[in-house]
J.: 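My structure is below; once you've seen it, I'll send some questions.
So you know, we letter chains A, B, ... as the sequences are listed, proteins then strands, and number each from 1.
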Number of protein chains: 2
Amino acid sequence: MSDLSTTSDEILASARTLIMSGGYNGFSYADIAEVVGIRKASIHHHFPSKVDLVRELVKQYREVGVAGVAILEQNVSNPLDILRAYAGHWAKCIEDSSRPFCVCALLASELPSLPPEVAKEVTAFFRFISSWLTSVMERGAEEKTLNLSSEPGVEAEAFLATVYGAMLSARAYGNGEVFATILAPTLNRLSPVATH
Amino acid sequence: MSDLSTTSDEILASARTLIMSGGYNGFSYADIAEVVGIRKASIHHHFPSKVDLVRELVKQYREVGVAGVAILEQNVSNPLDILRAYAGHWAKCIEDSSRPFCVCALLASELPSLPPEVAKEVTAFFRFISSWLTSVMERGAEEKTLNLSSEPGVEAEAFLATVYGAMLSARAYGNGEVFATILAPTLNRLSPVATH
DNA sequence: GACGCTCTGCCTACTAGAAGGTAGAAGGAG
DNA sequence: CTCCTTCTACCTTCTAGTAGGCAGAGCGTC
C-alpha cells in the first residue's frame with residue numbers, strides 16, 4: 001500500500017503493456033509471470049481471475065485519466081491549449097514508444113468478445129473522455145476561444161475519433177509521426193485564428 | 001472454384017466474422033468448425049495453419065476492397081461523392097450490424113503481436129486505402145471540388161483516421177448512429193459549398 | 001521473552017479443457 | 001482407379017484456475 005511498487009502494481013503494469021500490444025486474448029498469466037518474475041499461481045493470489053485483473057486495470061486506467069485531466073485543467077485554462085496538450089500527450093507516448101496505444105482503444109475494438117465486466121469498464125472510460133471533451137468544447141464555444149462548426153458534443157466525438165484513428169494509423173504504418181501530422185490540421189481548424 | 005460458396009469460402013467468411021468481433025487471438029479453429037459445420041481437421045486441409053488462413057483472408061479482403069473502389073470510381077466521378085459513398089458504405093455496415101467493423105482496423109490495433117506474414121498484409125491494406133484516398137483528395141484539389149485545408153496526403157490520412165476512429169466510437173458506445181454523426185461535419189467541411 | 005495464532009505472499013504440483021496441428025482411413029465423384 | 005474432401009483419433013503445448021504447503025511478519029497472552 002505504501003510501497004512505491006507492490007507486486008500487484010507490477011502485475012497490473014505488465015498486463016497493461018501486454019494488452020497494449022495484443023489485446024485481451026493476446027496475453028496470458030504465464031506472460032505476466034515471466035515479466036514480473038513470480039509464478040503463475042502467485043498472480044491468482046492477487047487477482048483470482050483474468051477478468052478481475054483486467055477489470056481492475058481498466059478501472060485504475062480510468063481513475064488515472066480522471067486525475068490527469070483534473071491536473072491539466074488546473075494548469076491550462078485555454079480550451080485549445082487543453083486539446084493541444086491532450087493530443088501532445090499521445091503524440092509523446094507514441095513517438096517514444098513508452099505507451100504507444102491506449103489500452104481502452106484496443107479493448108474497445110474487441111468489445112463484442114470481451115467479458116461483460118471488462119466491457120462495462122471500457123465503455124465507462126469512453127463516456128468519461130467524451131463528456132470531458134464535450135465540456136472543453138462547450139467552454140471554447142462560450143468563450144469563443146474555439147472555432148466550432150458543429151455542436152460541442154459532435155465536435156468532441158469527432159476530435160476523439162481523430163485522436164484514436166490517428167493512433168491506429170501510426171500503428172498501421174509503423175510510423176509515430178503520422179499521429180502529429182493528422183492532429184495538426186485538426187487542431188488548426190479548431191483555432192479561432194486559423195491559418196489556412 | 002465455380003461454386004457460389006465453396007467450403008474454403010465459408011471458412012474465410014466465418015473467420016472474417018469472428019475476427020471482426022474479437023481479433024486474431026479471439027477465435028479458434030474450433031469456433032470456425034462449429035459455424036461451418038465441419039471438423040477442425042478439415043479446416044487444416046484448406047488452410048494448413050492459422051497464419052495461412054488469416055493471411056489469405058486479409059489478402060482477399062484487400063482485393064475485394066481494390067475491386068470495390070474501382071467500381072465506385074467508375075460510377076461516381078465527383079470526389080466529394082466518392083468520400084460520401086465510402087463513409088456511407090461503413091455507416092450502412094455498422095448500422096445494420098452486417099459488418100460492424102473493418103477486419104484490418106482490428107488487426108492493425110493488434111499489429112505488434114501479429115504473426116509477421118499477417119502484419120505485412122494488414123499494412124499493405126492501409127497503404128492501399130491511404131493512397132487511394134490521397135488520389136481522391138488530389139483530384140478534388142485540382143478540380144476545386146473539394147475544400148482542402150492541408151496537403152491532399154494529410155487530408156487523406158485525417159479522413160481515414162476519422163472514419164476508423166468513428167468506427168471505434170460506434171463500437172465503444174454500442175451505438176451505430178455515432179458513426180454518421182461524426183462523419184457528417186467532416187464531409188461538410190470538405191464540401192466546396194460548405195454550409196457552416 | 002517465549003509461545004502460539006493468524007494473515008500474507010509466494011511457492012510446487014496439479015487439473016481440465018482448449019489451443020493449433022498431424023496421421024491416416026473412409027467416402028464420393030469423375 | 002484416382003483425386004479431393006472430410007472424417008476419426010490422436011498429439012503437444014498452452015490456457016486459466018485450484019489445492020495445499022511453507023516461510024515470515026504481526027500480535028496478543030501467559
J.: In terms of hydrophobic clustering (I, L, V, M, F, W, Y; side-chain heavy atoms under 4.5 Å; direct or indirect links), are A/V35 and A/Y29 co-clustered?
T.: no
J.: Between atom CD1 in A/I32 and atom P in D/dC14, what is the gap in whole Å?
T.: 17 Å
J.: Which listed nucleotide (D/dA9, C/dA19, D/dA16) is nearest to the side chain of B/D31?
T.: C/dA19
J.: Distance check needed: C/dG20 P versus B/D52 CG, whole Å only.
T.: 13 Å
J.: Membership question, hydrophobic clusters at under 4.5 Å side-chain separation (ILVMFWY): are B/V154 and B/M137 in the same one?
T.: no
J.: Checking all strands, does A/S42 fall into the base, sugar-phosphate, or nothing category for heavy-atom contacts under 4.0 angstrom?
T.: base
J.: Within the side chain of A/S97, is there an N or O that forms a donor-acceptor pair under 3.5 Å with the backbone of A/C93?
T.: no
J.: Below the 4.0 Å mark, does D/dT5 have OP1 or OP2 next to a side-chain nitrogen or oxygen of B/T7?
T.: no
J.: Taking the six-membered ring where the residue is Trp, are the ring centres of B/W90 and B/F101 under 6.0 Å apart?
T.: no
J.: Base, sugar-phosphate, or nothing: which does B/F27 touch, judged by heavy atoms less than 4.0 Å apart?
T.: sugar-phosphate
J.: To check you understand the geometry: which heavy-atom pair defines the closest contact between B/E110 and B/G22, and what is its length?
T.: OE2-O, 4.1 Å
J.: Rounding to a whole Å, what distance do you find between B/E10:CD and D/dT5:C1'?
T.: 14 Å
J.: Roughly, in whole Å, what's the span from CD1 in B/I43 to P in D/dT5?
T.: 15 Å
J.: Nearest whole Å is fine: how far is C/dA18 P from B/Y29 OH?
T.: 19 Å
J.: Counting side-chain heavy atoms from CB outward, which of C/dA13, D/dT15, D/dT6 is closest to B/H46?
T.: D/dT6
J.: Any idea which of C/dA19, D/dG17, D/dT8 is nearest the B/K40 side chain?
T.: C/dA19
J.: Closest to the A/K50 side chain: D/dA16, C/dG21, C/dT22?
T.: D/dA16
J.: Could you tell me how far apart B/L53 (CG) and C/dA19 (C1') are, to the nearest whole angstrom?
T.: 15 Å
J.: Counting heavy atoms from C-beta on, name the nucleotide in C/dC10, C/dA19, D/dG17 closest to the side chain of A/I38.
T.: C/dC10
J.: At less than 4.0 Å, is any side-chain N or O atom of A/H45 found next to OP1 or OP2 of C/dC10? Yes or no.
T.: no
J.: Please tell me which of the listed nucleotides, C/dG20, C/dC10, D/dT8, lies nearest to the side chain of B/R39?
T.: D/dT8
J.: Nearest whole angstrom, please: distance from the P of D/dT12 to the NE2 of B/H44.
T.: 16 Å
J.: Rounded to the nearest angstrom, tell me the gap between atom CD1 in B/I11 and atom C1' in D/dT6.
T.: 11 Å
J.: When you check the phosphate oxygens OP1 and OP2 of C/dA18, does a side-chain N or O of B/S28 lie under 4.0 Å from one of them?
T.: no
